[in-house]
Amino acid sequence: MYQYDEFDRQFLNERVAHYRDQTERYLAGNLSEEEFLQLRLRNGLYVQRLAPMLRVAVPYGTLSAVQLRKLAYIARRYDRGYGHLSTRQNMQFNWPELAEVPDILEALASVEMHAIQTSGSCIRNVTTDEFSGAAADEVLDARPYCEVLRQWSTNHPEFEWLPRKFKIAVTGATHDRAAIAVHDIGLRAYHDANGQVVFDVYVGGGLGRTPVIGALIYSGLPEQHLLSYIESIMRVYNRYGRRDNKYKARIKILVRAMSAEGFKAKVEEDWAHIKGGSAQLNPADLEPLQAAFAPPLFEDLDDQQADIEQWRLQHPAFSQWLHHNVVPHKQRGYAAVTLSTKATGVPPGDVSDEQMDAVADWADQYSFGELRISHEQNFVLPHVPRKHLLTLWQQAQEQGLATANAGLLTDMICCPGGDYCSLANAKSIPVAEAIQRRFDDYDYVHDLGELDINISGCMNACGHHHVGNIGILGVDKKGQEFYQISIGGHSGHSGHDAALGQIVGPSFAREEVSDVLATILDVYVEQRIEDESFLSCFQRIGLDPFKERIYVNND
Amino acid sequence: MSTTIKRNGDEWQAQAACIVPDWKQPEEWQPGDALLLPVDAEPNPAYRDASLIGIEFPAFTDGRGLSLAVLLRTRVEYSGELRATGAIHEDVLHYMVRCGFDALELPPGRDADTAVRLLAPYSGHYQGSVSQAQENATRVQRWA
């Protein structure tokens, strides 16, 4: 993991002091509500429906056991004993006191964490594959580049006041688990024919009101030009992005207005002035970061296959968990483990202080003190020796973190929705819970196989409903909460290209959602050929068979 | 009355703005004039010959003026006084300074002492900037 040096520590301490000063001037009446709003957003603080919400950055989803224990402490000391894992790999606290936030930031700084630029119209936390450094299909670990981008974008003097928020995602694996196609900038890192690291650069992807799949504007950008090329993209966006209408201010609207080719030309006109200059990334500067993310000292372990087969026979539930929540590791004898937060009855992504402490302990015992937060709002232990899998599963069961549903129907992505968020049109957590209760038969859910259900409480799409295989969107109809359902979305992993879902038709009342879902799944089960996945089946048969059945039943 | 904070070598000084420059708009401007640009102006190479350039911020949240300042300093190679005017306040000045502004015209009612105190809240930066050369040599620049 990246360790802060004196420079990082000093910067962060100065940042906390700066924000404390801003908070004090606001509380003393020397900064207006509007002025302070912009400053607190850039330090992670929203004011929500019930209380402020503090979003803590977990850069590219990687954190240490020590850091997670501090988050557990913050949950206990400043919140109501829990935190929420977000789809951008961050952790949110829903009940902090505004006046105490500088103290929380100081506590975070003591473990090299912060909430800088986790909201506001600036460059947000850079996200990546939660299995970085572990996944068997990884080409290269993208985290050194994510850390370069984190540093470069922190308090950038020119790009702190953009037309709108700006999200960058990076993947270094064959299967894109970072959803790069639906980010403002998506980067795919790989080695070119000469073994040099290069990037494919996508721009203008995004969800929200106007979902768009990003356009590839540069194929094979050499590593040395990464920062300068992004600087030019940012400059073109900062200068020409719309500022008159917040719903048309994201870079995707600019890229569409200029066309991808026109946007690229504008970027490269700017880039021509800076690409040969001081903005180049030197291999020597990258070395300490490559070293920081070097693989841990793996032991030469047996894959324990005989023991594992034995355990599977003894514990059918372990067998299910192994099947869904344990993925192959690049190192023999190890596995990467997903600890699902999607137990029925718990809001997806919510974790208690006790669970955080337990996960931190397991990270220390089994995973070199390191863990991850996934885009799907689960914890991941990246490097677990296979010989410890049974023990870990037993411990995780005691903490309610062993639900065997990673990637399945009940592993839903879900935003906080109308229960917490002041933007939401409708609640999302009760919908997720109703679905979990309706589909609580493991064998059925297992038989359905890989299925992403994504739920957003409004068209801002924090629950990424557009890229769910089944997407559920809360809408407001004359003051009533309704839910629009779409089918066929995909974020771009498991060999499918990213795609946006298609809306099935008129929306439904909350109590109808689970029935509609059941109908959709019936159609799939009847129509699928052998072990065809839901998405492949949809791509083959199209929307109509689903639509016909849903609305016939509804009449 | 508004206050203008100006760089004088390594020092910054606040002074009451008694003399208002005779600002000219881009359409009527001549070399040697004081030129007042909107934030969406293009960086015209001829602007190098202005005696003073002001960039007027319609809101402190509008970052276009920051990119324009960078372009005036780098691409246009304008080396005269570059003044931020309009709706600015003390918490954004440090970004402006790093983008090449060396004069900051605070709107009436803002506290100049607070503004001067907040011109450089950070002793080091993660990225280079056009002001780097003018800054204290001990400051670290992590990336270009």
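For clarity, every value in this text was computed on a predicted model and none was experimentally measured. Convention: sequence-line order gives letters A, B, ...; per-chain numbering from 1.
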Margin query: Checking A:Q10 against B:Y122 for the side chain to side chain contact (heavy atoms under 4.5 Å, CB included) test, could you report, in this order, the C-alpha distance in whole Å, the side-chain angles of both residues, the deciding distance, and whether it holds?
Written below: CA-CA 9 Å; A:Q10 177 150 354; B:Y122 301 96; over 6 Å; no
Next item on the list: Go through the steps to decide whether A:E35 and B:R110 satisfy the test salt bridge (Lys or Arg N to Asp or Glu O under 4.0 Å), and finish with yes or no.
Entry: CA-CA 13 Å; A:E35 287 160 353; B:R110 304 302 312 196; 2.5 Å; yes
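Within residues 47-58 of chain B, no residue has a heavy atom under 4.5 Å from a heavy atom of chain A.
Heavy-atom contacts from other residues, nucleotides or ligands closer than 6.0 Å to CD of B:E11 number 12 or fewer. The 12-atom threshold is not exceeded at NZ of A:K248, counting heavy atoms of other residues, nucleotides or ligands nearer than 6.0 Å.
For A:E158 (side chain) and B:C99 (main-chain N/O), no donor-acceptor pair under 3.5 Å exists by modelled atom type.
When heavy atoms are compared at a cutoff of 4.5 Å, A:R243 approaches chain B solely by way of its side chain, counted from C-beta outward. Interface remark: B:A41 contributes backbone atoms only to the contact with chain A (heavy atom separation under 4.5 Å). The contact between A:E34 and chain B is made entirely by backbone atoms, counting heavy-atom distances below 4.5 Å. Looking at B:T114, only its side chain comes within 4.5 Å of chain A, counting heavy atoms on both sides. Contacts of A:R25 with chain B are made by side-chain atoms alone, with heavy-atom separations under 4.5 Å and no backbone atom involved. For chain B, no part of A:N13 is nearby; none of its heavy atoms comes within less than 4.5 Å.
Contact of the A:D270 side chain with the B:L71 side chain is registered, since non-hydrogen atoms from C-beta on lie closer than 4.5 Å. Side-chain contact between A:E14 and B:S123 is present, with heavy atoms from C-beta onward closer than 4.5 Å. Between A:H18 and B:L118, some side-chain heavy-atom pair lies under the 4.5 Å cut-off. Using a 4.5 Å heavy-atom threshold, the side chains of B:H89 and A:S32 count as separate. Looking only at side-chain heavy atoms (C-beta outward), B:R75 and A:I274 come within less than 4.5 Å of each other.
In summary, the side chains of A:Y240 and B:D40 do not present any donor paired with an acceptor at a separation below 3.5 Å, with no hydrogens or angles considered.
Among A:W161, A:F159, A:F11, the residue making the largest number of heavy-atom pairs under 4.5 Å with chain B is A:W161. Annotation: maximal heavy-atom pairing with chain A below 4.5 Å, among B:T61, B:V39, B:L66, occurs at B:T61. Of all the listed residues (A:L31, A:L39, A:N238), the one sharing the greatest number of non-hydrogen pairs under 4.5 Å with chain B is A:N238.
Of all the heavy atoms in A:N155 and B:Q127, the pair that sits closest is O-OE1, 3.8 Å.
Salt bridge status for A:E160 with B:R98: absent, with no side-chain N to carboxylate O gap under 4.0 Å.
Considering A:Q22, A:R42, A:Q38 as possible partners of B:D91, the one that fulfils the side-chain hydrogen bond (donor to acceptor under 3.5 Å, both in side chains) test is A:Q22.
Taken from OH in B:Y126 to CZ in A:R150, the straight-line distance is 5.0 Å, to the nearest 0.5 Å.
Taking the ring pair (Phe, Tyr, Trp, His ring centres under 6.0 Å) definition, one finds that A:F199 meets it with A:Y145, sequence neighbours left out.
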